[in-house]
Every structure is written in structure tokens, then in C-alpha cells.
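Given the structure is predicted, the values throughout are model-derived calculations rather than measurements. Sequential numbering from 1 along the given sequence is applied to the chain's residues. Each ligand, and each atom within it, is numbered from 1 in the order the structure gives.
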Amino acid sequence: MTNTESAPGAAKKASTRKAAPESAAPAIIEVRNPGTGELVGTVPDEAPEAVAAKVRELRLYQPEWEAIGPDGRKEWLLKLQDWLVDNTEHLADVLQSETSKPRVDALIDPAFSVDLTGYYARRAAKFLADEHPSPHSPLARVKKLTTIYQPHPVVGIITPWNFPLAMPIIDVIPALAAGAAVILKPSEVTPLSALELARGWAEIGAPPVFAVVTGAGATGAAVVENADYIQFTGSTATGRRIAAACAERMIPSSLELGGKDPAIVLADADLDRAAHGIAFGGMFNAGQVCISVERVYVEAPVYDTFVAKLTAAVKELRLGIDGRESKHDVGALANENQVAIVQRHVEEAVAAGAKVLTGGKRTGVGTFFEPTVLVDVDHTMSCINEETFGPTLPVVKVADEAEAVRLANDSTYGLSASVWTGDKDRGERVARQLNAGAVNINDVFANLFNFALPMGGWGQSGVGARWGGANGVRKYCRQKAITKPILPTQQKELIWFPYQMPKLLVAIGAMRAAGARGLRRIDIPALLKLKRDDR
Ligand code: NAD
């Protein structure tokens with residue numbers, strides 16, 4: 001018997017908001033374990049004025065944080081890294097309490113956070129160093145050119161519920177490393193892990209340049225109203241609203257949104273690896289990963305064998321609630337909203353002729369939903385053309401590679417994809433044809449564990465990217481160009497007032513000589529005019 005069978009009382013909602021009487025303390029948000037329904041914490045639903053006040057306070061401390069430079073900030077970030085290592089078990093406990101994740105999944109968040117913190121703490125100085133680009137033209141060699149990176153004073157970070165610690169960390173750390181102060185608004189469904197992070201920052205005695213505000217959409221909207229840059233991770237619908245609000249304020253943003261990642265299985269693939277990899281890619285975190293595999297296209301000659309292997313791999317998954325001991329592979333869904341989406345996608349597919357090979361329904365405990373493999377599906381079905389964000393793997397038979405690429409690209413999303421083949425060069429050829437921000441060959445999620453690569457979506461999956469080496473911190477900065485004279489300066493430059501055609505023609509002619517090509521380099525009509533004027 002799994003723990004899910006014995007867990008009492010299905011959760012009605014993972015978090016619920018209790019209205020406060022007018023002009024009283026802020027309303028309270030209840031945080032519940034979605035697997036058991038147990039109340040595991042309460043947090044304030046903070047009002048817009050409280051958010052504005054926190055941002056004002058952050059602004060006071062940010063200049064000093066910027067002034068200590070990347071090496072000074074590195075010391076604090078590495079202290080936080082130590083704190084993450086020392087508190088790993090506790091952080092996993094908190095994370096499990098608000099998500100009902102298996103123990104292994106809960107331990108991934110802190111481990112990932114440690115890795116990323118080390119990367120940006122140690123490299124920020126190099127990434128933020130002044131640059132001295134070569135002038136584009138010999139005429140510009142009279143100046144020393146410098147590009148500097150100066151942080152946006154306050155970066156607002158808004159995160160979803162699927163990785164309650166890692167999601168905040170992956171953006172908070174590079175923003176802090178850049179020298180910005182950070183206000184974080186975690187999901188109202190899972191705010192407890194983010195509050196632990198704030199506790200850690202305070203416990204190591206770091207400068208007060210990182211604050212967490214809890215609440216739902218209105219609190220997030222207040223972050224957008226007050227910060228200088230917005231890093232948002234969440235649904236495409238919310239991302240669109242945030243992009244519009246940022247445009248209104250003329251502030252930059254980076255949006256990491258939904259996905260509908262395809263996996264392409266070619267006939268020459270190692271089918272065992274493909275089946276296990278795709279089962280993991282589709283079911284890890286109960287399918288609640290932006291880069292989950294959500295559609296599978298298989299070349300006809302290997303379709304039956306692959307589907308049998310995939311179904312067997314998915315059937316083996318153990319569903320249930322872990323304590324500190326690891327006993328299960330798949331946990332609960334985050335809340336009833338997620339269950340409703342998954343259920344609708346399965347039911348609509350079945351009603352339109354799809355077959356369920358395994359799973360297909362909730363377990364009856366909490367928000368658990370059985371890992372599901374669907375076949376006889378097509379692109380008219382919601383399970384293929386909408387983001388599911390749950391444990392479903394719809395599989396489509398395709399005639400050949402070309403059809404697989406065409407169908408994989410038939411989506412408004414473009415987050416990531418995978419290609420499974422025995423020929424790695426063929427895999428790369430296919431990868432280059434896919435409309436996606438990342439493609440993994442014979443693997444899933446590999447791009448996510450490589451901070452030197454950009455992680456960003458195409459199309460409805462986002463605008464901008466996180467990570468990508470230096471860009472991961474530079475995105476939180478404004479660039480400034482500085483020119484400094486190399487040669488002694490004259491009283492006046494050639495093209496300053498008052499205009500004198502001969503001098504101007506010399507300047508224009510020089511620009512033309514340096515930048516144009518062929519005979520156009522020589523401005524003959526101008527030279528003739530110059531001769532006339534000289535007379
Ligand atoms: P969501 O869009 O409902 O909420 C995300 C965050 O935005 C929450 O903190 C929420 O309170 C806040 N919010 C809601 N309305 C707001 C508003 N008007 N202004 C400001 N903030 C507002 O998303 P979710 O349900 O929490 O998360 C699931 C989604 O996140 C999925 O679509 C998934 O694909 C996406 N996601 C994307 C990535 C990525 O890197 N591309 C990573 C994880 C999750």
C-alpha cells in the first residue's frame with residue numbers, strides 16, 4: 001500500500017486566502033500540503049503599500065551593496081551557499097511540506113541552489129568587468145572606449161510554485177551578484193521555502209538588500225509597480241499582463257513562461273534510453289516542470305516497440321508521500337487547479353478517440369494523479385496543443401523525421417525539446433530545425449544544469465533568457481558607454497560650430513574613406529566642390 005492510499009483527507013486547495021476585516025492586519029494565506037490537505041503554514045497577503053515600503057527600504061541599502069563590488073558580494077553569497085549546505089535537510093522538509101514532493105525531488109532544489117550560487121558568486125567579477133571594445137573605425141582610435149555594467153537598483157522577482165526554492169534562487173543570486181537589491185514575490189501556493197531563504201540571508205548577517213513579500217497576484221502587481229526590472233517566471237497569461245505593465249512604466253523585463261516541449265524519437269534511437277529518458281522528462285515533479293516533455297513524436301518503424309517500453313517505464317513509477325526516507329518517484333500535483341487541467345486534457349482526448357495505456361485518473365488521495373500515457377492523439381486535442389503541466393505523455397506516430405519536425409514546430413510555445421537518435425550529427429541537424437530555446441540530444445533537462453548556456457523560450461514561452469554565462473548577471477545591469485580622449489584635445493573639433501564646409505568635407509570624406517567600399521570611398525563630387533571653394 002502506498003502512502004497516498006493511507007493519507008487522510010484530500011486537499012481541497014493547496015492554499016486559500018482568508019479575508020481580513022477592513023483596516024485590520026493583512027489577510028492571511030493558508031499554505032497546505034496538497035498531498036494530505038494538512039495546514040503547514042500561514043503567510044500574510046501583503047498589500048501594495050507594504051510592497052512599496054519594502055522597495056523604498058531596499059533602495060536605501062542598495063548603493064552600498066553595489067559599492068562593495070563583486071568580490072565583496074561574493075563573500076556574502078558564499079556564506080549563503082554554506083548556509084544552504086548546512087540547512088539542506090531542513091529546506092527539503094519545508095519544501096516537501098508545501099508541495100508533497102518525493103524526498104529526492106525535494107533535495108534537488110537545495111543542491112541545485114548550491115551549484116548555481118557558487119557559479120555566480122565566483123564568476124560575477126569576471127562577468128561584470130569593464131570592457132574596452134576596439135573602435136569600429138580607425139577614425140575613432142583617438143578615444144579609449146569603455147563599456148561598464150551598473151545594476152538596476154531594485155530587481156523584482158516573481159516566481160511560480162513548481163520549485164519553491166530553486167525558482168527564486170536561480171534569479172535572486174545573479175541579481176544580487178550584479179549589485180542589485182532584490183524583492184522576491186514567491187507563489188502564494190508555496191511561499192514557505194522562499195521565506196526560509198530570507199531567513200538564511202538574515203541569519204548569515206548579510207546586508208538588508210534582499211526581501212520577500214508574500215501574497216497573490218495583487219502583491220505581484222505591486223512589485224511590478226515599484227521595482228526597476230522584473231524577472232518573471234510563470235504562465236504565459238500572467239507574463240503577458242506583466243509585460244504590458246512593464247511597458248507602461250518603461251522598465252525592462254525578462255519573462256520565462258509556459259512550454260509544450262516535444263520529444264522526437266527517431267528509428268535509429270536507443271529505445272530503452274529514449275523510453276526511460278522520456279518517462280523521466282514527462283513525469284519528474286509530476287510533470288510540473290516548464291521543460292517537461294509534453295508531446296512525443298515517434299517514427300513509424302519503432303512506434304510499437306517504443307510505446308510498449310515507455311508504458312512499462314511509466315507503470316513502474318511509485319506514487320506517494322515520502323518522509324525523509326525516499327520511497328516514491330512521483331508526488332502530488334500542486335493544487336486542485338492543476339488536477340482540473342490534467343483531467344480535462346485526458347478526458348477531452350479520450351472523448352475525441354484517444355486511448356489511455358496507463359494512468360488517466362486521480363488516485364482519490366489529495367491531488368495525486370496517475371502518470372498517464374496517451375496514444376491515438378492528434379494536434380486538435382488540448383493534450384497536444386495546450387500546456388498540461390502534469391503527468392501526461394501523449395504519443396504520436398509519424399512517418400519520418402520531416403513530419404516529426406513539422407509537428408514539433410506546430411505549437412505556439414518554444415521552450416525546449418529533445419531528439420533521440422543513434423546518430424548524434426543527425427540529432428544536431430534536427431535540433432537546428434526546431435523552434436525552441438534549447439534542444440537536448442538523447443537527454444532531457446541537460447540544458448538546465450548548464451549555467452553557461454542561456455535558458456529562455458521562443459514564441460509564447462518567453463522573452464529574454466536567464467543564465468548564459470555573463471548574460472545571466474549582465475541582464476540585471478544597465479550598460480554605460482564611456483569615451484575618454486587618448487590624444488591631447490584641441491580647442492574645437494573639426495565638425496563643431498561654426499560649420500565650415502571645407503572642414504566638414506574633410507571629416508565626411510574621412511568617414512567615407514574608412515567605412516564605404518570600392519570607389520565610393522572617394523567622394524569625388526565633394527572633392528571637386530572643395531577645390532572650387534578653396535579657390
Ligand atoms: P502563474 O502565472 O499563475 O503565477 C506565477 C506568479 O505570478 C505567482 O507568484 C503569482 O502570484 C504571480 N502573479 C499572478 N498574477 C500576477 C500579476 N497580475 N502581476 C504580478 N504577478 C502576478 O503561474 P504558476 O501557476 O504559479 O506556475 C505555472 C506556470 O509557470 C506554468 O505555465 C509553467 O510553464 C511556468 N513556468 C515557467 C518556467 C520557465 O522557466 N519558463 C519555469 C517554471 C514554471
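- In this structure, the protein non-hydrogen atom closest to atom 34 (O) of ligand 1 is E387 OE2, 2.4 Å.
- Atom 19 (N) of ligand 1 has its closest protein heavy atom at A221 N, 3.5 Å.
- Of the N or O atoms in W161, one or more lie within a sub-3.5 Å distance of an N or O in ligand 1.
- The nearest non-hydrogen atom to atom 23 (O) of ligand 1, considering only S187, G456, S235, S416, comes from S235.
- For atom 35 (C) of ligand 1, the choice among P191, G234, G258, P160 with the nearest heavy atom turns out to be G234.
- Proximity of I108 to N285: side-chain heavy atoms (C-beta onward) are nowhere separated by under 4.5 Å.
- Y61 has its ring centre no less than 6.0 Å from the ring centre of F210.
- The one candidate from D171, V172, L84, I173 that meets the side chain to side chain contact (heavy atoms under 4.5 Å, CB included) condition with L116 is I173.
- Contact annotation for F389 and ligand 1: only side-chain heavy atoms (C-beta onward) come within less than 4.0 Å of the ligand.
- In terms of polar-atom proximity, N162 is not counted as a contact of ligand 1, lacking any N or O under 3.5 Å from an N or O of the ligand.
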Any chance you could lay out the ring pair (Phe, Tyr, Trp, His ring centres under 6.0 Å) test for Y476 and Y149, step after step, and finish with the verdict? CA-CA 9 Å; Y476 294 113; Y149 295 91; over 10 Å; no
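- Among protein heavy atoms, the minimum distance from atom 18 (N) of ligand 1 is reached at R241 NE, 3.8 Å.
- Taking distance alone, with nitrogen or oxygen atoms compared against 3.5 Å, L257 approaches ligand 1 more closely than that limit.
- Salt-bridge check for E196 with R199: passed, with a basic side-chain N closer than 4.0 Å to an acidic carboxylate O.
- The contact set between ligand 1 and K185, taken as ligand atoms under 4.0 Å from a residue heavy atom, comprises 8 (C), 9 (O), 10 (C), 11 (O).
- Between V356 and L374, the shortest heavy-atom contact is CG2-CD2, 3.6 Å.
- By the 3.5 Å distance cut-off applied to N or O atoms, T236 is not counted among the residues near ligand 1.
- Shortest contact from atom 36 (N) of ligand 1 to any protein heavy atom: C290 CB, 3.7 Å.
- Evaluation of the side-chain hydrogen bond (donor to acceptor under 3.5 Å, both in side chains) rule for Q460 yields R240 as partners, not counting sequence neighbours.
- The pair K361-E347 does not count as a salt bridge, with every side-chain nitrogen at least 4.0 angstrom from each carboxylate oxygen.
- Between E387 and K260 no salt bridge is recorded (no basic side-chain N to carboxylate O distance below 4.0 Å).
- The closest approach between R466 and ligand 1 falls below 4.0 Å for a heavy atom of the residue.
- The stretch residues 244-255 participates, sequence neighbours left out, in these side-chain hydrogen bond (donor to acceptor under 3.5 Å, both in side chains) pairs: Q231-S254, S254-E256, S254-K475.
- In terms of protein heavy-atom proximity, atom 12 (C) of ligand 1 is closest to I158 CG2, 3.7 Å.
- Near P186, the atoms of ligand 1 lying under 4.0 angstrom from a non-hydrogen atom of the residue are 9 (O).
- Residue S461 has no nitrogen or oxygen atom sitting less than 3.5 Å from a nitrogen or oxygen atom of ligand 1, judged on distance alone.
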